[in-house]
K.L.:
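Take a look at this one; I'll ask things after.
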Amino acid sequence: MPAGADRVLGIIKRRGPQRAADLASALGVTAEAARQQLIQLAQAELVSSETPKRGVGRPSRVWSLTAAGHARFPDTHAELTVQLIGAIRGELGERALDRIIGARQEGIRQSYRAALEGARTLGARVARLAEIRAREGYMAEWRRDGDGFLLIENHCPICAAATACQGFCRSELEIFRDALGGDAEVERVEHLLAGARRCAYRITRAASPKRRAAAKEVNHGMDRRALGG
């Protein structure tokens, strides 16, 4: 492994496919030095490249992680977890597995709500939640996005478990909604298991009941006009 390999892999993991020039800028090295690191990582089968077609200009190679590259980021006790899920499902049934996921969900919910206590604004709660998830191995980060926020998870340390049982994904979405409070709306906009390179959640302030009622009345009025009523 070349020196600094983990840093290069980490940047691609967080940011997605990268050009050598982009990596050079992030690493503070020359484009040629970044290119040489990428070539060595390709020889180790940790990255691969492609050259997207462009309308004009010289095409640039874009580098992505291979399956082996993604495997450098741990999926916590993956094989054992999948075996346990299969055993529970086979011996006790799907309902027992759902109860276990529910118990896990409740424990995490209580932990997150305690950790977010005192964060008065939605932005403060999103920032604190991202910190928690980063510590848990999700390579989480957050940023403002228009009138709301994006919570981005660049890695899933329970990916094998979530693939074997998508109840874990449903559970985590419910946990976020509960932890961030009733004034937040949470929508998953990118999903690793749906083919995205990461999971991302858009978080906005929930409309007040009065605003929701007003919006509903406007929509009904538009429907009536559309029907000629």
K.L.:
Using the side chain to side chain donor-acceptor pair (under 3.5 Å) definition, which of the options Arg188, Arg177, Arg133 pairs with Glu172?
P.N.:
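Filter result, single survivor: Arg133.
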K.L.:
Considering only heavy atoms from C-beta outward, does the side chain of Ile132 approach that of Leu116 to under 4.5 Å?
P.N.:
yes
K.L.:
At their closest point, which heavy atom of Ala34 faces which heavy atom of Val29, and how far apart are they?
P.N.:
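Heavy-atom minimum between the residues: N-CG2, 4.1 Å.
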K.L.:
Looking at Leu151, Ile175, Leu173, Val126, which hits side-chain contact (heavy atoms from CB on, under 4.5 Å) with Val186?
P.N.:
Leu173
K.L.:
Can Glu190 and Arg198 be counted as an ion pair, charged N to O under 4.0 angstrom?
P.N.:
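Answer for the salt bridge query: yes.
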K.L.:
How long is the gap from CZ on Arg61 to CD1 on Ile39, to the nearest 0.5 Å?
P.N.:
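So the gap between those two atoms works out to 6.5 Å.
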K.L.:
Taking all atoms of both residues into account, what is the closest heavy-atom pair of Gly167 and Ile101, and its distance?
P.N.:
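The pair with the smallest heavy-atom distance is O-CG2, 3.9 Å.
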K.L.:
Looking at CZ of Phe176 and CD1 of Ile203, how far apart are the two atoms once the value is rounded to the nearest 0.5 Å?
P.N.:
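It is 8.0 Å, given to the nearest 0.5 Å.
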K.L.:
Which atom names give the shortest non-hydrogen contact between Ser171 and Gln105, and what distance separates them?
P.N.:
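Residues Ser171 and Gln105, closest heavy atoms: OG-OE1, 2.9 Å.
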K.L.:
Any side-chain to backbone donor/acceptor pair from Arg14 onto His155? Under 3.5 Å, distance only.
P.N.:
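Not at all, since once roles are kept as given, no pair shorter than 3.5 Å links the two residues.
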K.L.:
Do Arg128 side-chain atoms and Tyr112 backbone N/O form a donor-acceptor pair below 3.5 Å?
P.N.:
no
K.L.:
I need the Ile88 CD1 to Leu84 CG distance, nearest 0.5 Å.
P.N.:
6.0 Å
K.L.:
Taking Gln18 for its side chain and Gly16 for its backbone only, find out whether a donor-acceptor pair lies under 3.5 Å.
P.N.:
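Such a contact is found between Gln18 side chain and Gly16 backbone.
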K.L.:
Nearest heavy-atom pair of Ala31 and Ala20: which atoms, and what distance?
P.N.:
O-CB, 4.3 Å
K.L.:
Please report the interatomic distance CG(Asp22) to CD1(Ile11), rounded to the nearest 0.5 Å.
P.N.:
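Rounded to the nearest 0.5 Å, the CG-CD1 separation comes out at 10.0 Å.
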K.L.:
Any donor-acceptor pair under 3.5 Å linking the side chain of Thr163 with the backbone of Cys159?
P.N.:
yes
K.L.:
Taking all non-hydrogen atoms of both residues, which atom of Arg89 and which atom of Cys165 are closest, and how far apart?
P.N.:
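Shortest heavy-atom contact: NH2-CB, 3.7 Å.
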K.L.:
For Gln40 and Gln36, does a side-chain donor sit closer than 3.5 Å to a side-chain acceptor?
P.N.:
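No.
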K.L.:
Considering only heavy atoms from C-beta outward, does the side chain of Glu153 approach that of Met139 to under 4.5 Å?
P.N.:
no
K.L.:
Would a distance-only check, ignoring hydrogens and angles, find a side-chain to backbone donor-acceptor pair under 3.5 Å from Thr66 to Ser48?
P.N.:
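Not confirmed, Thr66 side chain does not pair with Ser48 backbone.
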K.L.:
Are the side chain of Arg72 and the backbone N or O of Asp6 linked by a donor-acceptor pair below 3.5 Å?
P.N.:
no
K.L.:
Determine yes or no for a side-chain-to-main-chain donor-acceptor pair under 3.5 angstrom, with Arg125 supplying the side chain and Leu180 the backbone.
P.N.:
yes
K.L.:
Between Leu38 and Ser49, is any pair of side-chain heavy atoms under 4.5 Å apart?
P.N.:
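Of all side-chain heavy-atom pairs linking Ser49 with Leu38, none is under 4.5 Å.
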K.L.:
Is a donor on one side and an acceptor on the other found under 3.5 Å between the side chain of Asp145 and the backbone of Leu150?
P.N.:
no
K.L.:
Measuring from atom CD of Gln43 to atom CG of Leu41, what distance do you get when rounded to the nearest 0.5 angstrom?
P.N.:
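If we round to the nearest 0.5 Å, Gln43:CD and Leu41:CG are 9.5 Å apart.
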